[in-house]
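A short worksheet on the structure shown next.
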Amino acid sequence: MEPISKNLDLLKLEERILEFWENEDIYSMIKTKENPDKIWRFIDGPPYTTGSIHLGTAWNKILKDYLIRYKRMQGFKVTDTPGYDTHGLPIEVQMEKELNIKNKQEILEYGVDKFITNCKEFAQRNLKIMNDQFKRLGSYFWNWENPYITFKNSYIEGIWWTLKRAWENDLLYQFYRPLNCCPRCATALAKHEHEYLNVKDTSIFVKFESAEDEKTFFIIWTTTPWTLVANSAIMVNPIAEYAKVYIKDLDEYWILSKNSITFFISGQLGYKYKIDRDYIGEDLEGMKYIHPLLDEVPYQKELAKKSEKMHSILLSEEYVSAGEGVGLVHTAPGHGPEDFDVGVKNGLPIFNPVKIDGLYNEKAGKFKNQFVFDANKEIIEILKEKGTLIDTDIVEHEYAHCWRCKSKLVYRATKQWFFKTESISEELLGQNEKIYWVPEWAGMKWFKSWLSSIKDWCISRQRFWGIPLSVWICNDKKCGDITVIGSAKELKKIAGECPEDLHRPWIDKITWKCEKCKKGTKTRIPDILDVWLDSGSVVWAAQEVYDGESHYDTWIPADFILEGKDQIRGWFNSLLCSAMVSSKRKNYDACYMHGWVMREGEKMSKSLGNFIEPEDLINGTLKDLQKKKSYSKIKGIETFRFYCIGATQPGRDLNFSAKEYADTYRVINTIWNLFVYANEKCRLANFNPSKHKYDIKKMDKTDKWLLSRLNTTIKKITNLSDTYILPSITETLRDFIVNDLSRWYVVLIRDKIEVYSDDSEKYPVLSLLYDVLFKVLLLLSPINPMLTEEIYHKMFKLNMKSMNLNETLSIHLQDWPKVEEKLIDEDIENQMIFIQELIEEARALKDEYRIRLRWPNKKIVIVTEEKVPEEEFQIIFKKTVNVKELEITKSFKSNEDYVKTDSKYGIIYLDKTVDEDILTERIISDLIRNIQFSRKINKFQAGENISLKIGANAPYLIKFIENSKDYISDKVSANEVIINNSNIKNDKIKIYEELKLCGNKDCSASLKDNILKKLDKESNIKCPHCNSELKINNIRTISFTYNKN
RNA sequence: GGGGAUGUAGAUCAGGGGGUUAAAGAUCAACGUUCUGAUAAAGCGUAGGCCGUGAGUUCGAAUCUCACCAUCCCUACCA
């Protein structure tokens, strides 16, 4: 057994262990050990390879790492393949920044092939960096050499398989409809890519002139003036009340909802008015108006010819509420899903004059090539000039933005490809019921609610760096036949060729003669796929990485996945949807959802400057930690590992606080100290685990209690791990190690295992402690893999045979400890709790009467109705409270010798009287304590002998010392004790100390420096223990001296 | 607008399918003190809470119901 360093330097320790794992290739030993028949199928949700990881990513990987390690120790073969999301806007946007490219057009000018190559390199570069960062977290035994990467051909083929299956299942279709598009990225976006941000917009009230009645206007309100260009109709609610109102100030008639008359006309505008006539909404149907921008947008005249209903009032009960606004809703079917709905129902042309980059096209007339949001102002100006603008308002509302570049999105009708997820909503909900969610509400509330309002999933994007849609369409207009390709092999078969790299632009070159009409050419549609489909299909797309074969149809659902709450609409959603559209079954059985890492209650973000990177913790460079000196030691990642696993309930945000993080370090330090202590005791005793054994039959109750607690703890942690209740694991383990082991068991066995102890139990107890500590180390190893590896090497590795276990090079080749049910004894645990409570109360009572714990008392009487604890627990009580006699009874008659306290278990009486024996023990224990302390200050080793000389200035003290001579020499390792009849002089050659005692003989308490200092300055100082007045000339002294070493 | 989570000591959080008990827990911080050859460790004690606010159900509510307020999140057609 090697010594363990008293100083815990986690930074160096971690680096050493990581190097050891690397050099010895522990990972391949783990893989060799795994049982191929018992698989725990875990799927890593892939992070984007956009840069370095932050604390939230670290948290995520550490939680996963805990379970990977745990399941391995339980004998599972674990799918430990990490993944990286490499496609999509996140990377394109970053790449554009790097290349100083401002928009899509510039990419085309730069060259798509070069751009794609750049993106791939960028992804690979970041992947390597992130790989190293994850490994540094201690999440080391993963298949980092061979992660699944979404840009690989084999992966792309997996996604094509999804498309083909969805096509065959009739769940893939193309459709023209309004969708939110990002004008900067020039692509359509799906619902899960919208980010709602609060913005202030100018809203306008506009009057549309009636085409039929003179001086009559329809009043509408909108926050998006730019959509007026494409206005096609006005909607009203058929059953709401409307009115035609005469506006005296303007000498004209307005039609609007009755509700809005008062607040709007007289309230907001201050006009005098008179109601001319009432309408019910349906009365208004078919009334015609003149489009307010007819001169500027001449195409509107063309449109008017296409449908009778253009520029007229339509009815919609669903989308118009008369309680809001003015009750008439401006409708542009090309710019809103509801407008679209109503437009289609009424046979209106779907007019979208906006290009994908947000600029108007030529059909917008005067506004051609203007950016829609810039046009707002001009439109308002024009309306003002025409006198049709009634009023403007600033409204603050939430508006959808691009998740990557934060541009305001533009609703515009466009032709896109969709998965029919809305139609399978019921099935999705049904599958969700069968998923085991932690926390339960993540699935049964959040995800359920998401799935119930699910819309068809728009999967096509008008971009470059992504998986190309494997859809080829015949360019013959009459034919238009569609082929969906499911693999590279299939493509080669049908087209005769297949590019080496399946990305754009190479894939775009693949065409073939239409096999249906024999005239046209099949050409690929230019779109790429929504990046969320990439990761959504991982279960089969990464099949090759998982087990070396591509067999998409036979995929097996993941046993477990774990991600943050943003994945409800992200990965959790895309996984389930892509499995359902392709295979009509679910692809994960259990799902753990965690929150986000917050900092002092705020979301961490680069813009707020409260962003923490794992390196800040590892190197101890976090400012909050440098502020306090005692925090400056906290380095490395092990503290964070322990902290983040237990810091918060499942599903809740982790509010990172430097203080709590530092508190966790104290726990780690206590655990370390515990092992240092045990290690030292074992070594001093020449403890040999294969020779010295404990025998369960001969054990006392304290030891049985420890084994019971250990097994209770193993059982609990095993249960928590199996049911994925992660946060309670560290709490349970901490409680056992710190409270039961360090603060209680070690205190009880201290005397037995001291170096000078010749207790017959010494070696059995050491053996038990050793055994329990090893199991603890195993329980801790998935949480703190590096710390435990170090201790394993120093203390346990060479002795594994003695515990009937194989000696392994790493602790991570050991198995999870088994619960020994028969050792769990509830009665013993309860009795111990009971006696601990009593001990606390009794100690508090001594404390109240200023009786030091090392001073014995004659007797304690406990009056209680509770069951009397067994003899052994009473012995523990007597020992730890330091009392000679304990009586537990149902009734007791007290006298003036006793003081008492009421406790929740009964009344505790303490005999506070002092006789000669008690007094001797008091004085001698104070003396011994002082000698011990002095030895320590002067750096004497434990067990190192001294030659001691003691003197005192009172005969009774001399007598007591004489009587206890042997006892003293034992305790302080003195091979010689000389007792002097008077005080010894300080000769400065030897170490000299003295104790000042209270002059009250029955007290004789040794006085602390602060009391003595006070006594020097002022009179009327009372002894804190006996309350008698202290006088300088009455103070008694014991002095001692011993050789320096 | 709709939905959800959270609200318990100075801080961070447990608990809570109503009630053995007059008394609501933990950890950290504060204060006091003890113990100690694990020693830049550890223990004990004290103080600190109308369990967000207000109603309701009940013999009895921190716990169940409703409303409201606050924080955060999700969702959405604010036209």
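To find a chain, count down the sequence lines: A is the first, B the second, and so on, and within it residues start at 1.
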Q) Is the shortest side-chain N/O distance from A:Arg843 to OP1 or OP2 of B:C44 below 4.0 Å? A) no
Q.
If the cut-off is 4.0 Å, is A:Lys445 near the phosphate of B:A5, judged by side-chain N/O to OP1 or OP2?
A. yes
Describe the nucleic acid contact of [X] in one word from base, sugar-phosphate, nothing, applying a heavy-atom distance below 4.0 Å.
{"X": "A:Lys6", "result": "sugar-phosphate"}
{"X": "A:Arg569", "result": "sugar-phosphate"}
{"X": "A:Leu853", "result": "sugar-phosphate"}
{"X": "A:Val746", "result": "base"}
{"X": "A:Ser449", "result": "nothing"}
{"X": "A:Arg929", "result": "base"}

Quantified in whole Å, what is the [atom1] atom distance between nucleotide [N] and nucleotide [M]?
{"N": "B:A62", "M": "B:A24", "atom1": "C1'", "answer": "8 Å"}
{"N": "B:A47", "M": "B:A42", "atom1": "P", "answer": "24 Å"}
{"N": "B:A41", "M": "B:U63", "atom1": "P", "answer": "42 Å"}
{"N": "B:A67", "M": "B:A22", "atom1": "P", "answer": "35 Å"}
{"N": "B:U21", "M": "B:G60", "atom1": "C1'", "answer": "15 Å"}
{"N": "B:C64", "M": "B:U6", "atom1": "P", "answer": "11 Å"}
{"N": "B:G56", "M": "B:A61", "atom1": "P", "answer": "11 Å"}
{"N": "B:C66", "M": "B:U57", "atom1": "P", "answer": "15 Å"}

Q | RNA chain B: 5'-proximal contact among A:Pro337 and A:Asp926 (nearest heavy atom) | A | A:Asp926
Q) Between A:Thr670 and A:Trp855, which is nearer to the 5' end of RNA chain B once each is assigned its nearest nucleotide? A) A:Trp855
Ignoring the backbone of [X], work out which of [options] is nearest its side chain.
{"X": "A:Val329", "options": "B:A38, B:A79, B:A41", "value": "B:A79"}
{"X": "A:Trp446", "options": "B:C28, B:A79, B:C73", "value": "B:C73"}
{"X": "A:Arg852", "options": "B:A38, B:C77, B:C35", "value": "B:C35"}

Spacing between [X] atom [atom1] and [N] atom [atom2], to the nearest angstrom:
{"X": "A:Glu338", "N": "B:C77", "atom1": "CD", "atom2": "P", "answer": "6 Å"}
{"X": "A:Glu680", "N": "B:A41", "atom1": "CD", "atom2": "P", "answer": "17 Å"}
{"X": "A:Ile668", "N": "B:A38", "atom1": "CD1", "atom2": "C1'", "answer": "16 Å"}
{"X": "A:Ile851", "N": "B:C35", "atom1": "CD1", "atom2": "P", "answer": "12 Å"}
{"X": "A:Phe675", "N": "B:A41", "atom1": "CZ", "atom2": "C1'", "answer": "16 Å"}
{"X": "A:Lys879", "N": "B:C35", "atom1": "NZ", "atom2": "C1'", "answer": "14 Å"}
{"X": "A:Trp450", "N": "B:C73", "atom1": "CH2", "atom2": "C1'", "answer": "14 Å"}
{"X": "A:Phe264", "N": "B:A79", "atom1": "CZ", "atom2": "P", "answer": "15 Å"}

Q) Would you call the rings of A:Tyr399 and A:His401 parallel, tilted or perpendicular if under 30° counts as parallel and over 60° as perpendicular? A) perpendicular
Q. Can you say whether the rings of A:Trp437 and A:Phe572 are parallel (under 30°), tilted (30 to 60°) or perpendicular (over 60°)?
A. perpendicular
Q: Return yes if the base of B:A79 and the side-chain atoms of A:Thr223 contain a donor-acceptor N/O pair under 3.5 Å, otherwise no.
A: no
Q) Can you find a donor-acceptor N/O pair under 3.5 angstrom joining the side chain of A:Arg666 to the base of B:A42? A) no
(Q) Which residue in the set A:Asn346, A:Val342, A:Leu315, A:Leu328 passes side chain to side chain contact (heavy atoms under 4.5 Å, CB included) when paired with A:Met235? (A) A:Val342
Q | Test applied, side chain to side chain contact (heavy atoms under 4.5 Å, CB included); reference residue, A:Arg652; option that passes from A:Leu654, A:Asn655, A:Thr648 | A | A:Thr648
(Q) Side chains of A:Asn857 and A:Lys846 only: does a donor on one sit below 3.5 Å from an acceptor on the other? (A) yes
Q: For the residue pair A:Arg734 and A:Thr670, confirm or rule out a side-chain donor-acceptor distance under 3.5 Å.
A: no
Q) When you check every protein heavy atom under 4.0 Å of nucleotides 7-13 of chain B, what one-letter string (B, S, -) results, 5' to 3'? A) -----S-
Q. Is there side-chain contact between A:Ile220 and A:Leu228, with at least one heavy-atom pair below 4.5 Å?
A. yes
Where do N or O atoms of nucleotides 31-33 of chain B meet protein N or O atoms at under 3.5 Å, pair by pair?
| residue | atom | partner | partner atom | Å |
| --- | --- | --- | --- | --- |
| B:U33 | O2' | A:Asp847 | OD1 | 3.0 |

Q) Which pairs pass side chain to side chain donor-acceptor pair (under 3.5 Å) with one or both residues in residues 219-235 of chain A, sequence neighbours excluded? A) A:Ser203-A:Trp221, A:Thr222-A:Thr224, A:Thr224-A:Thr227, A:Thr227-A:His330, A:Asn231-A:Tyr289, A:Asn231-A:His330
Q.
Suppose we screen for salt bridge (charged side-chain N to carboxylate O under 4.0 Å, His left out). Which residues come up paired with A:Asp970, at least two apart in sequence or across chains?
A. none
(Q) Going by the rule salt bridge (charged side-chain N to carboxylate O under 4.0 Å, His left out), which residues pair with A:Glu993 if we only count those two or more places apart in sequence or in a different chain? (A) none
Separation between [atom1] of [X] and [atom2] of [Y], rounded to the nearest 0.5 Å:
{"X": "A:Ile204", "Y": "A:Thr392", "atom1": "CD1", "atom2": "OG1", "answer": "9.0 Å"}
{"X": "A:Thr732", "Y": "A:Phe736", "atom1": "OG1", "atom2": "CZ", "answer": "11.5 Å"}
{"X": "A:Trp403", "Y": "A:Glu193", "atom1": "CH2", "atom2": "CD", "answer": "5.0 Å"}

Q: Kindly indicate, with the supporting measurements, whether the criterion ring-ring contact (aromatic ring centres under 6.0 Å, His included) is fulfilled by A:Phe656 and A:Trp59.
A: CA-CA 11 Å; A:Phe656 182 89; A:Trp59 182 27; over 10 Å; no
Q: Dot-bracket for RNA chain B, please, read 5' to 3', with Watson-Crick or G-U wobble pairs under 3.5 Å on both distances, ( ) within the strand, [ ] crossing, | other strand, . unpaired.
A: (((((((..((((.....[.....)))).(((((.......))))).....(((((..]....))))))))))))....
